[in-house]
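Numbering of ligands and ligand atoms starts at 1, following listing order. Bear in mind the structure is a predicted one, so any value in this text is a computation, not a measurement. Along the sequence shown, the residues carry numbers beginning at 1.
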Amino acid sequence: MSDVLVLETEQAPPTGTQLPPRQPKWTDTLAYITNPDQFCRHNLKEHGPIFRTSVFGGTTIFVGSSRAVQMALNGDLRYTEIGLPQTTMTMFGEYSLFQRPDLHRQRKSALRAGLAGQAIQGYIPKINDVIIQRLQTWPAQGEIALFPAVEQICFDVLVPLLLGVELDDGCFQGLPIPSKAGLKQVYKTFFDGFYGLLPWRSSFTTFGRGLQARARLIKFMQAVIHRRQSEINLDPTADFLSMMLVSQQTDPESVFSNTLIENQCLLQLWASHYEISGLVSSWIYQLGRHPEHFAHLRGEQATIQAQSAQPLTSEQLKTTSFLDATLQETLRTLPPSSTANRRLTQSVVLDGVLYEKGWTLIAEPRIAHILPEHFPQPDAFQPNRFLENANARDKYAYIPFGGGVHACLGAQLAMTIAKIFGSHLLRQFEWQVQGTAPFVQFPLKKIKDSYPMQIARLQQP
Ligand code: HEM
């Protein structure tokens, strides 16, 4: 972005430059964590889409206008660094894409081969199989706990794809974590460890337990990798792990050391599992609240089914544009995450506003996604807005997957899984939701585990 003015140390900003509006308050962190939607909406109304706070200590600037978002998301190596707490960075370890900005581009393009484009086509039959099979275990009629039911299926889809481990307990024989249930439990402790704020490496802190879980998962992945490396004909298109192992064999100079591979498997599961579960369960919820869209969605599925009795193919998924639009609208209205914080390593000026060195920036979809200039009637659930003129929208106005340098590497995979999940649900079930769902807001926005949903299996013609 050429019009960001990066100030040299000691360089004065141009005359007339203003600080972002609003005086930070000592209550900001609590207000944001308790109800981020309300915090963002209230301050947007009072001060506009860029405002100053003391969220997470220090000065933190919330940005929601597309130009400021673009500035915040493209400053790596020039004027920003990742600004997460030290505990979170330790949980990431040195092989995450949030570490080592000097290696970021090289690592990201190498990983892309297993998470985007052609790779996904190879994963589609597996995703179909697992979802169809697991939906058979849902009751024909009755109540389910929405988020846990979806989350279990997402875990079962993602573990084989990302860790290269089949989920039958037989496959765990000889591995350091001996069952699927054990793996899920250790993984949950690992996940929570990213958000433990007390920095002590002890079993009494969430962070300490997270680190212990991380060490166990690394040992587990080392054993899986050892086992897989002895296979004679590894298929690089089978899963993310296989792609990395084959790249390692064919090019020993590639980024794919064993240590990077074992870390990346865990990191991608961390990046995807709750996010996709959040998206799918929020989509189910939004449709339950807006049942007028079911007819259009089922019509789309019926057209595909009339053409072929096979489970969904990538070509068929391309024809489900209304399903896609309902998912996009869900991501707009209930974005699972905000972007990671960026810390300014240099002061910058954009559009007459000064952002000072040392301050933190948060690009917030909760603000960007409700700006009426990009999304008229922002509080209405209107999937059609993603069918009409969607390409004309500024790409930094819609940021459920972030944007710029660290734009989500798994967006296409996430949408593919969500579309397959959604398609099979529409074909097999009808559902109703009651009342407003309670949401957990941090670290990710997701419907609370206790929220129930009524389902009934559709009669097959
Ligand atoms: C609905 C699902 C998902 C959502 C909402 C989501 C959201 C995001 C967001 C907002 C970012 C940007 C973070 C930042 O700039 O600070 C991001 C980055 C990332 N995501 Fe996702 N994500 C999802 C699914 C996935 C999946 C399925 C994967 C991989 C299997 C994945 C892997 C990554 C990676 C590796 C990055 C960091 C990229 C980089 O640093 O260059 N995500 N994601």
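Applying ring pair (Phe, Tyr, Trp, His ring centres under 6.0 Å) to Phe442 and the options Tyr195, Tyr32, Phe194 leaves one that passes, Tyr32.
Taking distance alone, with nitrogen or oxygen atoms compared against 3.5 Å, Lys108 approaches ligand 1 more closely than that limit.
The contact set between ligand 1 and Arg342, taken as ligand atoms under 4.0 Å from a residue heavy atom, comprises 14 (C), 15 (O), 16 (O). Interface of Ser337 with ligand 1, defined as ligand atoms under 4.0 Å from a residue heavy atom, comprises 7 (C), 10 (C). Each of the following atoms of ligand 1 lies closer than 4.0 Å to a heavy atom of Leu97: 35 (C), 38 (C), 39 (C), 40 (O), 41 (O). Which parts of ligand 1 touch Ala407 is read off a 4.0 Å heavy-atom cut-off, strictly below it: atoms 38 (C). Shown in contact with Gly402 at under 4.0 Å from a heavy atom are these atoms of ligand 1, numbered in order with element: 9 (C), 10 (C). Using a 4.0 Å cut-off to heavy atoms of Val405, the atoms of ligand 1 that qualify are 41 (O).
The protein atom (non-hydrogen) at minimum distance from atom 21 (Fe) of ligand 1 is Cys408 SG, 2.3 Å. At the top of the distance list for atom 13 (C) of ligand 1, counting protein heavy atoms only, stands Phe98 CZ, 3.9 Å. Atom 36 (C) of ligand 1 has as its closest protein heavy atom Leu409 N, 4.0 Å. Atom 28 (C) of ligand 1 has its closest protein heavy atom at Gly410 CA, 3.4 Å. Scanning the protein heavy atoms around atom 16 (O) of ligand 1, the nearest turns out to be Ala340 N, 2.7 Å. In this structure, atom 27 (C) of ligand 1 lies nearest to the protein heavy atom Ser272 CB, 3.2 Å.
Side-chain atoms of Leu269 and Phe190, non-hydrogen and from C-beta on, never get closer than 4.5 Å to each other.
A salt bridge does not link Arg52 with Glu356: every distance from a Lys NZ or Arg NE/NH1/NH2 to an Asp or Glu carboxylate oxygen is 4.0 Å or more.
Which of Gln412, Lys445, Gln264, His406 comes nearest to atom 12 (C) of ligand 1 through a heavy atom is settled by distance: it is His406. Of the candidates Phe240, Trp270, Phe401, it is Phe401 that places a heavy atom closest to atom 3 (C) of ligand 1. Compare Gln268, His273, Gln99 by their heavy atoms: the one nearest to atom 29 (C) of ligand 1 is in Gln268. Which of Arg107, Glu275, Arg105 comes nearest to atom 4 (C) of ligand 1 through a heavy atom is settled by distance: it is Glu275. The nearest non-hydrogen atom to atom 7 (C) of ligand 1, considering only Pro400, Ser282, Ala363, comes from Pro400.
Taking the six-membered ring where the residue is Trp, the centroids of His273 and Phe191 are separated by 6.0 Å or more.
Scanning both residues, Leu175 and Ala223, for their nearest heavy atoms gives CD2-CB, 3.7 Å.
Taking the six-membered ring where the residue is Trp, His296 and Phe322 present parallel rings, their angle staying beneath 30° rather than reaching 60°.
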Could you tabulate the donor-acceptor pairs under 3.5 Å formed by side-chain atoms of residues 367-374, not counting sequence neighbours?
unit_1: His369; atom_1: ND1; unit_2: Arg332; atom_2: O; d: 3.0
unit_1: His369; atom_1: NE2; unit_2: Ile399; atom_2: N; d: 2.8

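A donor-acceptor pair shorter than 3.5 Å cannot be found between the side chains of Thr320 and Glu300. For His226 and Asn258, the side-chain atoms include no donor-acceptor pair closer than 3.5 Å. Asn74 and Arg342 share no donor-acceptor pair across their side chains, judged by distance under 3.5 Å alone.
Between the side chain of Glu94 and the backbone N or O of Gln99, no donor-acceptor pair lies under 3.5 Å.
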Apply salt bridge (charged side-chain N to carboxylate O under 4.0 Å, His left out) to the pair Asp394 and Arg67, showing each step before the final yes or no.
CA-CA 9 Å; Asp394 184 328; Arg67 281 176 59 77; over 6 Å; no
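Contact analysis leaves Ile417 out of contact with ligand 1, as no non-hydrogen atom separation drops below 4.0 angstrom. Distances from ligand 1 to the non-hydrogen atoms of His104 include at least one value under 4.0 Å.
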